[in-house]
Student: 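Shown below is the structure under consideration.
The structure displayed is predicted, hence computed values, not measured ones. A, B, ... follow the sequence lines: proteins, then strands. Residue 1 opens every chain. All heavy atoms count here, side chains included; hydrogens, waters and symmetry mates do not.
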There are 2 protein chains.
Amino acid sequence: MSTPQGARARARAEVTAAIKEAARRQLADEGAAKLSLRAVARELGMVSSALYRYFPSRDELLTALIIDAYDSLGENAERARDAAHGAAPVARWTAVCEAVRGWALAHPHEYALIYGSPVPGYAAPETTVPAASRVGLVLIGIIRAAHEGPGLAGPTVPASLRPEAERMAADLAPDLPPEVAVAMVAAWSQLFGLVSFELFGQFRNVVEDREGFFRHTVTQLAHGVGLR
Amino acid sequence: MSTPQGARARARAEVTAAIKEAARRQLADEGAAKLSLRAVARELGMVSSALYRYFPSRDELLTALIIDAYDSLGENAERARDAAHGAAPVARWTAVCEAVRGWALAHPHEYALIYGSPVPGYAAPETTVPAASRVGLVLIGIIRAAHEGPGLAGPTVPASLRPEAERMAADLAPDLPPEVAVAMVAAWSQLFGLVSFELFGQFRNVVEDREGFFRHTVTQLAHGVGLR
DNA sequence: CACAAAAGAGAGCAGTGCTCTTGCATTCTC
DNA sequence: GAGAATGCAAGAGCACTGCTCTCTTTTGTG
């Protein structure tokens, strides 16, 4: 019972991890488009066809990397949230936002993989969904905690958007007012717009003090979702 | 003097245009990563090496397509601005934003090319800068026009961001108050965050009425830059 | 210990970007 | 107008890619 059919499984897990690690290294060096199965195999001293025993295709490897990236980012966000545990809502919010930005700057190609243009003919499979939601959940958590007491509200939504707002609230945070759910999703997308623009070079010749600009804008976002 | 050395030049221009057209078609079908010089050449009935007389590399072709995409988007934005000529500032703002979104939905791959992750080892050359700024200029124009009279202001920026805010204002719109410049850049990036999230599938299972959500959020952005 | 399942090796196919040489046609110059 | 210069297309070829197929080796397990 020590390693009954576990020996094989463990070896398999190790090789799988080694492949992902090598792939991640290559991803960081050259970007997703230049990630080559053959190069990964070469680096590991195996022949390329052997690699297909572990990942049925290049896209499957990419999917695995995508999930890992989402998880890594999510973990970072959660750590930042926990570190800012006692702080005021706005401070916790900005802490998480800055963790997202920091992770993105540290892992630009992995960020591009998950928040840039989706890869070739490739639509993110359902598998990535849980990992992808972690950051969002962290942000929701902060807002929810802040709204527990007084129950601040976001800007009112027009009547035409009410049904959608209520639907969103029901899905995301049934205990929050619909306007807050709307504002929250908006802030969420805007946070990543900010990070993407910085990372993808749109701020070149426009924003110099990116850190300061980010901090300020993200604080504004916090106000937009009702945090003080 | 009719077409002395112009015959060659004209033929060259025509072939160049045909190449770009075929490439754009392929881009729309398959995305940037799958754009193949050989396939383009095939479609045009020429051999792949002949294509290198017109574009020195695949990346140069992509750069040309990028510039065209920026121009196409910019033109759309300008048209929307002109069409909403007499309307209130907020209406003009949202009109331009919706034009951006509409163009993105109609040309997803071209949008991904310019606002998604930058291509492989490829940094956008300086050539793309003028075309890239057109949308931004349209937005600035609307804000400037709205601020001509009363001189509304954006949310105040913290002291630490003052120098940066003044630098940004000096570069972008010397006649506008620095806070407005900051708010304007933020709104700009947030607009594209919104569009990118919708286009890249992050709103799946989250936002259903995307049109309505976009309209509302973009109106909020307008308020953020001081438009009423 | 024997065996079946799993993993690796290697060849091969169709495709890619890009280079280089060769032949042809068009243009410019005298 | 004849000859030289130039532009263009074609074709072969190189090094690479993802992926499949077959064959052999390894190895855990009954």
Student: Can you run down the salt bridge (charged side-chain N to carboxylate O under 4.0 Å, His left out) pairs that involve residues 191-203 of chain B, sequence neighbours left out, and say none if there aren't any?
Tutor: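 Passing the test, one end in residues 191-203 of chain B: B/R101-B/E198.
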Student: Specify the separation, in whole Å, of atom CG of A/L51 and atom P of C/dA7.
Tutor: 12 Å
Student: Taking protein heavy atoms under 4.0 Å as touching, what does nucleotides 15-21 of chain C look like 5' to 3' if B marks base contact, S marks sugar-phosphate-only contact and - marks none?
Tutor: -BBBBB-
Student: Rounded to whole Å, please give me the gap between NZ in B/K34 and P in D/dG18.
Tutor: 13 Å
Student: Just the rounded figure in Å: distance from P of C/dA7 to CD1 of A/I19.
Tutor: 11 Å
Student: If I take atom CD in residue A/E14 and atom P in nucleotide D/dG28, what distance separates them, rounded to the nearest angstrom?
Tutor: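 Taking CD of A/E14 and P of D/dG28, I get 12 Å after rounding.
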Student: Any side-chain heavy atom of A/L194 within less than 4.5 Å of one from A/F213?
Tutor: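 Yes, close enough: below the 4.5 Å cut-off.
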Student: Are B/E30 and B/L35 side-chain neighbours, meaning at least one heavy-atom pair lies under 4.5 Å?
Tutor: no
Student: Angle between ring planes, A/W188 versus A/F192, binned at 30° and 60°: parallel, tilted or perpendicular?
Tutor: perpendicular
Student: What is the distance from CZ of B/R10 to C1' of D/dG7, rounded to the nearest Å?
Tutor: 17 Å
Student: Nearest whole Å is fine: how far is D/dT27 P from A/R12 CZ?
Tutor: 16 Å
Student: Is a donor from one side chain sitting under 3.5 angstrom from an acceptor on the other, for A/S117 and B/S117?
Tutor: yes
Student: Rounded to whole Å, please give me the gap between CD in A/E30 and P in D/dC16.
Tutor: 13 Å
Student: Nearest 0.5 Å please: distance from the CD1 atom of B/I114 over to the NE2 atom of B/H107.
Tutor: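 Rounded to the nearest 0.5 Å, the CD1-NE2 separation comes to 10.5 Å.
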Student: Base, sugar-phosphate, or nothing: which does A/F55 touch, judged by heavy atoms less than 4.0 Å apart?
Tutor: nothing
Student: Rounded off to whole Å, could you give me the OH-to-C1' distance for the A/Y54 and C/dA7 pair?
Tutor: 6 Å
